[in-house]
Structures are given as structure tokens and as C-alpha cells.
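Everything on this sheet refers to the single structure shown next.
The shown structure was predicted, so the numbers you read here are calculated from the model rather than taken from an experiment.
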Amino acid sequence: MIFSGEKTVYLLTILVVALSSKCNGSNTCKGCTDLDELTFEKLLKRFQVTIVKFDIAYPYGDQHEAYSRFAEDVYHVDDLLVAAVGIKDYGDMDNKNLSRRFNVPEKLPSIKLFPNGDVTKWLDYSEDAEIKTEELKQFVRRHSSIYIGLSGCIREFDEIASEFVNHYSTKAYDLAVEKANKLIDGYDDEKLKTTGKIYTILMKRVVEVGLHYVEEERLRTVEMLGKKISAAKKQEMLDRLNILKAFETADKWVKTEL
């Protein structure tokens, strides 16, 4: 098919704009803020908590998609900045200085959490941990004052569970169950009551078996997810995994500072 000169120019213009939009990274992570050597510190100081993914200039793949979904899910959290830094090993070597400044490893992506608007202190997302949307939420929630709700969880019960395991004792259990039961009694919604009771059952099992029960139950739940179960049962198991995260005490992350 042959086009006139004017139509050919028009089509070429559309093509260039489309390619430019695809390559400039602006649409690759909805909800992310692109940072560079000039804007990094300026913007980071304006937020209570910032999470940054250092990656290749034009990222793609499952890990990038997981980070993008995370950014969309938490866009409503005002005190949290979800950011990305694209690093180039060619041409102008964009953001290479930032890479060196924050000890970014050669293996990318590398995710870092700045919990207090301080560019001199951060936490590294473990290189051994798979980058998943829910795990990123837990990473932020575990190591900052920002609460990000996970599917199937209740904030008040997450806080009770966390307080219980971090001050693990029979007395802590008694106080936790007392708080939990008061909340459960105050609910009219049967679903909330049922969810609240899951937390109390888990706390009881931790007291009976020990803190290692949390990991054992997590593995059991993961095993069940691998079996042929209904969609409803699968969602129930996924919600249970999220609830179990409120009982985690082991620090999977690395603390770093300049």
C-alpha cells in the first residue's frame, strides 16, 4: 500500500510518539515516581517513607510487574513514596552515581526502604526474597510506621498479633486475647467475627506449641495451596497466609547506612 507524502509523515509521527512513550519509562510503572541524581534526595525528604527499586533503565518481567502492582495498590497511602531509579551502564551512565552511593549490587533489581525520610539510612529487601506484591507490602509494613492492609487481614488484630509475638509470654497472650475478644464481641459482621477468631486460634497455638508454629503453619498452608481445591478455599488459604505475616518476628531484611 502506498501513501501520499503528507499521510506518510503523519503515520511516521504517530509511530515515533508511540515508541517514545514506550521507551521513556513513563508508562512502565503506574504509580511510581522516577528519580534521578537531581531529584532523589529532594523528593525523598518530603515523604515519611520511601521505597525505591533500582533497576535497568527500561525494566520488564515478572519482578517489575509485581512492583508495578504494588505501586498501584498503595497509591492512596499519602506518606509513602514508591519510586524507581533507572541505571544505565552505557552512554551517559545515567544514575550510576546513585548506584554507587547506595551500594546497589550488580544483580538488579535492588529494592531499598528509607523509613524516615533520611537518605543516610535504609533497609535492603533481601536478595534471596522473591519480589512479590504482597511481600513488598509486608516489607514496608514491617519496617515503618505505615500500615498497609493485606487481603483477609484486620488492622486492629494485626497490631494485637504483632504485639503478642514481640513480647511473647503467657501474660502477653492473656492481654492479647482479652483485647481480641472485646473487638470480636463488638462486631456485628459475622465475617469480621470469624476472621478475628482465626487470630485468637493462632495465638493459642503459638502458646501451646511455640513461636516455631507460625512457620510450620505457613508451610502447611502453602502445601494446601498446591493441592486441587476450590477457588473459595484457595482464597481462604491466601488470606490465612497474610494473617500469619502479622505473627512474623524474624528479620529477613538487611539494615544499612552510609
*Verdict with reasoning, E236 to R240, per salt bridge (charged side-chain N to carboxylate O under 4.0 Å, His left out)*: CA-CA 6 Å; E236 180 186 323; R240 192 176 188 87; 5.7 Å; no

Hey, quick one: are [X] and [Y] part of the same hydrophobic cluster, counting side-chain heavy atoms closer than 4.5 Å, chains of contacts allowed?
X: L211; Y: F247; answer: yes
X: I229; Y: L238; answer: yes
X: Y213; Y: I201; answer: no
X: L150; Y: V222; answer: no
X: V209; Y: V165; answer: yes

Rounded to the nearest 0.5 Å, what separates atom [atom1] in [X] from atom [atom2] in [Y]?
X: R142; Y: I148; atom1: CZ; atom2: CD1; value: 13.0 Å
X: T195; Y: D239; atom1: OG1; atom2: CG; value: 7.5 Å
X: L202; Y: R205; atom1: CG; atom2: CZ; value: 9.5 Å
X: I184; Y: Y199; atom1: CD1; atom2: OH; value: 11.0 Å
X: R69; Y: C29; atom1: CZ; atom2: SG; value: 11.0 Å
X: K96; Y: L98; atom1: NZ; atom2: CG; value: 11.5 Å

*Exam field: side chain N116 to backbone D118, donor-acceptor pair closer than 3.5 Å*: no

So do the side chains of [X] and [Y] get within less than 4.5 Å of each other, counting heavy atoms only?
X: R218; Y: L241; value: yes
X: V85; Y: I87; value: yes
X: M203; Y: I160; value: yes
X: I111; Y: D124; value: no
X: F102; Y: K112; value: yes
X: P109; Y: I131; value: yes
X: S162; Y: D158; value: no

Can you list, pair by pair, the side-chain donor-acceptor contacts under 3.5 Å of residues 42-55, counting residues two or more places apart and other chains?
unit_1 : atom_1 : unit_2 : atom_2 : d
K45    : NZ     : E41    : OE2    : 3.2
Q48    : NE2    : S145   : OG     : 2.3
K53    : NZ     : D55    : OD2    : 2.8
K53    : NZ     : H64    : ND1    : 3.1

*asked:* Just checking E106: does its CD atom have more than 12 heavy atoms from other residues, nucleotides or ligands closer to it than 6.0 angstrom?
replied: no

*Heavy-atom count around D92 CG within 6.0 Å, excluding the residue itself: above 12?*
no

*asked:* Using the rule salt bridge (Lys or Arg N to Asp or Glu O under 4.0 Å), only one of E135, E134, E130 pairs with K132; which is it?
replied: E130

_Enumerate the side chain to side chain donor-acceptor pair (under 3.5 Å) contacts for residues 168-187, please, sequence neighbours excluded, ordered by first and then second residue._
none

*asked:* Assess, by modelled atom type and distance only, whether the side chains of N95 and S99 contain a donor and an acceptor separated by less than 3.5 Å.
replied: no

*asked:* For F70 and K137: C-alpha separation, side-chain torsions, deciding distance, then whether side-chain contact (heavy atoms from CB on, under 4.5 Å) applies.
replied: CA-CA 7 Å; F70 161 73; K137 292 178 184 178; 3.8 Å; yes

*Verdict with reasoning, D94 to D36, per side-chain contact (heavy atoms from CB on, under 4.5 Å)*: CA-CA 8 Å; D94 292 345; D36 56 33; over 6 Å; no

Exercise: identify the closest heavy-atom pair between [X] and [Y]:
X: D34; Y: T39; result: O-OG1, 4.3 Å
X: M93; Y: D89; result: SD-C, 3.3 Å
X: G31; Y: A71; result: C-CB, 3.9 Å
X: E72; Y: K30; result: CG-O, 3.4 Å
X: A180; Y: T200; result: CB-CG2, 3.6 Å
X: L81; Y: T33; result: CD1-OG1, 3.5 Å

*Is the gap between the ring centers of F157 and F164 under 6.0 Å?*
no

*What do you reckon, are the aromatic ring centroids of Y125 and Y67 less than 6.0 Å apart?*
no

_Qualifying residues under side chain to side chain contact (heavy atoms under 4.5 Å, CB included), relative to M224, sequence neighbours excluded_ = R220, K233, M237

*So, are D188 and K193 salt-bridged, with charged N and O less than 4.0 Å apart?*
no

_Please evaluate residues L136 and V140 with respect to the criterion side-chain contact (heavy atoms from CB on, under 4.5 Å), reporting the C-alpha separation (whole Å), side-chain torsions for both, the decisive distance (0.1 Å), and the verdict._
CA-CA 6 Å; L136 289 166; V140 174; 5.8 Å; no

*What do the steps show when you test R101 against V119 for side-chain contact (heavy atoms from CB on, under 4.5 Å), and what is the final call?*
CA-CA 10 Å; R101 178 181 178 184; V119 295; 3.5 Å; yes

